[in-house]
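Below, chain A is the first sequence line, B the second, and so on; all start at residue 1. Just so you know, these numbers come straight off a predicted model, no measurement behind them. As a basis for the values below, the full set of heavy atoms in this structure was taken, side chains included, without hydrogen atoms, waters or symmetry mates.
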Amino acid sequence: MNEFWIILTASIVAINAALLGCFLLLRKMSMVGDAISHAVLPGIVVAYYLSGDKTSILLLIGATLTGVLTSYLITFLSKKARIQGDASIGITYTLLFAVGMIMISTWLKGNVDIDMECVLYGDVALINLDKIIIDGNLYIGPRAFYVEIIAFAIIIVSLLWGYKGFKILSFNEDYAQSLGIRTGRWHYFLMTLVSLTTVVAFEVVGAILVVGFLIVPPATAQLLTNRLPFMLIVAALVGIVSAIGGYYLAVWLNVSITAAMIVVSGLIFSLAFIYVRFRERLGNKSVTEHLPI
Amino acid sequence: MNNCAIEVHNLTTTYGGAPVLWDIDFELPAGQIIGIIGPNGSGKTTLLKTIMGLLEPSSGYVKIFDQDLEKMRERIAYVPQRESVDWDFPATVEDVVMMGRYRKANLFRRSNRTDLAVVAESIEKVGLTPFKKRQIAQLSGGQQQRVFIARALAQKADVYLMDEPFVGVDAATENAILSLLEEMKAQGKTVLIIHHDLQTVSDYFDYLVLLNTRLIAKGTPQEVLTKENLSNAYGGQLTLLAKVANLIKENEFPIREKDMDL
C-alpha cells in the first residue's frame, strides 16, 4: 500500500510541475522556476515558525507569496536596475535561500520536521509517516497526497480557465499587450501557480529536484509535439512514466527515489532526442522540398 | 489635418535615461500607406511600440483618430518584428492567426463561428490556406511574416502598425504584402510600416516619416527624400548616402547641385 501512495503522490507532483513547466519553457523562463523553488525557503520557515505546522494553509500561502515576490524581484532587478537576466535570477534566489538557511539554523535548530536535508532533497519514501486517519482507524492515505491533489485541482482549473491567456503570453507577450490584455497580471498568475507547485512539492521531492520535473518533461514534450495541447498532455505523461519508472529503478538499485525519477525522465528525454534526430535525417529532405521558395 | 489617423504630440521616450525619441510631433493622414524610415537605432521600433502603448512615453501623448489608445484598441493592429518570437512554439498557422481574435473580454470563452470564419478569410488573404494546419516552425521566413500579417488582419482593425514586414522575405511574400497593402488602401485603411530599404520607399509609400531620434522630415516621398534630409538622418554613412543620392538622381527628384562632396 505504501508503494501505491508513493507512486501516486509522486505522479501528481510530476504532472503539476510538467504542466506549468511547459509555459515556463515556452517563455524561456525555466530557470525562474529553479529560482522560485529555492527562494520559497524563507517563506516556508517563517510560516512554519508562526504556525508550528508543516502542512498548514498559512505555510502554503506564506511560501507561495515568497515565490511570487522572487519573480517580482527578478523582474525588478533586470528591468529597473538593468542587471542581466541570469544574474538577477542568481542574486535573488541565492540571497533568499541563504536567509532561509540562517533562519533554519537559528529558529528551528534541532527541529525534527524541517531541516536542510528535508528542504533540499525531500523524501518521498517518508510521506507515509504523516497519515490521514479518519473515524479513528480508517487510513485514507498520506497527507502529502491530499495536499498535492488540491494543488493539482487548482492548477487544472486555472489552466483550463486561462488557457488562451497563458498561450498568448507565452508566444508573444508584446502582441498580447497590444490587444489590451493585461500581461502583467497573467505573468504573476503563472508565477503564483509555479510557486504553489514548488512549495507543495518541496517536502516530497525537495527544492533541487523539483526543477527537474519542471523542465525535463516539458522539454521532452516540445521535441515530440507541435501543438500546445499535445505538448501539455505528453509532458504530463512523461512525468507520470518517470515517477513510476523511477520508483521501481530506485527499489531495484536501492537508491534515492526522487533521484531515480529524474534519471528516468532524463533517459526519456535522451530517447526522444535521438528519435527526433533520426526522424529528421530521414524526413528532412521531403519537408523542405514541399516549401515553396 | 482634418483626416488624421495618428497624432503624435511632443513625444519623448527614454531608455535607461537616454532619449530614444526626442520631442517627436506629427500627424499622419488616414487611408494611406505610410513609411517610417531612419538609420539603425533611430528609434523606429520604439516609436511604434510607444504608439501601441507597449512603452510608456516620458512626455507627450499619442491619439488615434483623436481618441486615447485604450478606447481605440479594437481599431488598431500591431505586427511585431518576425524575430521577436520563437517560431518553435507548438502552434499551427491557424492557432497563431486565431490570436488576432483574442480580446481581454473573450479570453475565457471558446472561439466562436465568426472567429473561425475571420481566421480562414485572413489566412486566405495572405495565401497560406494550403499551410493552415502546418506548425509555424515548418514555414519559410516569408510565410512566417505572412502569418503575422494574417493575425493582424483577423483583428479587423482600421489602423495597422507593421515593424519591418519586408525584412528577409522572398519575392512571393513581398508581392503578396504589396498587393495586400493596395487592397487595404482601397478599403480606406491606414498602414504604418517601418522600412529600412531606401531604394524601394518611393515605390511603396504615399507618405514618409524620416526619423533619427528627432523627427527629421515628414511628407510625400518627394518632399522627404532630399539630400539634406537624408544627410541629416544618416550622417556619416557615406556609401549608403551616395547610393541614395544616385537613386534620387535617377528618379529625378529635385536635389540641389552644390555640396556633392560624397
Side-chain angles (χ1 to χ4, degrees), chain A residues 22-23 25-29 79-83 157-158 160-186 189 218-219 221-235 276 280 283-284 286-288 290-293, chain B residues 15-17 48-49 51-55 69-70 73-74 76-81 84-92 95-96 98-111 127 130-131 133-143 148 151-152 155 161 163 169-173:
Chain A
C22 284
F23 291 102
L25 184 82
L26 292 172
R27 296 188 68 201
K28 318 223 176 298
M29 292 178 72
K79 285 207 173 139
K80 296 285 152 78
R82 313 215 151 275
I83 291 167
V157 169
S158 303
L160 285 175
W161 178 73
Y163 176 74
K164 286 163 91 178
F166 289 125
K167 180 177 176 179
I168 196 167
L169 178 78
S170 307
F171 179 58
N172 199 343
E173 192 170 339
D174 267 1
Y175 181 72
Q177 211 183 330
S178 84
L179 292 171
I181 293 167
R182 307 285 179 95
T183 51
R185 291 183 191 178
W186 284 97
F189 185 19
Q222 197 187 14
L223 286 176
L224 298 174
T225 60
N226 49 25
R227 294 197 70 185
L228 185 53
F230 302 137
M231 179 176 170
L232 291 165
I233 292 166
V234 171
V276 169
E280 269 175 12
N284 215 6
S286 61
V287 172
T288 41
H290 288 299
L291 286 177
I293 304 162
Chain B
Y15 188 77
L48 223 58
K49 285 189 172 177
I51 294 175
M52 210 59 245
L54 305 178
L55 293 172
L69 175 70
E70 281 307 321
R73 288 260 184 223
E74 286 288 312
I76 181 162
Y78 174 55
V79 181
Q81 273 178 34
S84 66
V85 304
D86 178 6
W87 291 89
D88 282 329
F89 194 88
T92 61
D95 291 338
V96 174
M98 183 57 87
M99 289 179 192
R101 304 300 298 166
Y102 287 15
R103 297 291 181 275
K104 197 165 61 181
N106 75 7
L107 224 40
F108 308 114
R109 285 201 297 268
R110 288 178 65 95
S111 310
F131 303 96
K133 299 282 183 201
R134 186 172 280 190
Q135 203 227 326
I136 51 174
Q138 295 165 352
L139 299 172
S140 70
Q143 289 166 336
F148 261 11
R151 183 177 67 174
Q155 285 180 248
L161 308 184
D163 198 341
V169 304
D170 48 86
T173 298

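Considering every non-hydrogen atom in both A:W186 and B:L107, the closest pair reads CZ2-CD2, 3.6 Å.
One finds the CG atom of A:N226 at 6.0 Å from the CD atom of B:Q138 (value rounded to the nearest 0.5 Å). The distance from the CG atom of A:N172 to the CZ atom of B:F148 is 4.5 Å, given to the nearest 0.5 Å.
Proximity to chain A is limited to the side chain of B:V96, based on heavy atoms less than 4.5 angstrom apart. Contact annotation for B:I136: only side-chain heavy atoms (C-beta onward) come within less than 4.5 Å of a heavy atom of chain A. Within the 4.5 angstrom heavy-atom criterion, atoms from both the backbone and the side chain of A:R227 approach chain B.
Annotation for B:F108: atom CZ counts as buried by contact number, over 12 foreign heavy atoms lying within 6.0 Å.
Put simply, of B:M98, B:K104, B:R110, the one with the most heavy-atom pairs under 4.5 Å next to chain A is B:K104. Of all the listed residues (B:M99, B:M52, B:Q135), the one sharing the greatest number of non-hydrogen pairs under 4.5 Å with chain A is B:M99. Interface remark: of the candidates A:R82, A:M231, A:K28, A:R82 forms the most heavy-atom pairs closer than 4.5 Å to chain B.
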Identify all side-chain donor-acceptor contacts of residues 161-170 of chain A below 3.5 Å with residues at least two apart in sequence or on another chain.
unit_1	atom_1	unit_2	atom_2	d
A:K164	NZ	B:N106	O	3.2
A:K164	NZ	B:R109	O	2.8
A:S170	OG	A:F166	O	2.7

Let me check something: any side-chain donor-acceptor pairs from residues 174-185 of chain A under 3.5 Å, sequence neighbours excluded? List them with distances.
unit_1	atom_1	unit_2	atom_2	d
A:D174	OD2	B:K49	NZ	3.2
A:Y175	OH	B:Q155	OE1	2.7
A:S178	OG	A:Y175	O	2.7

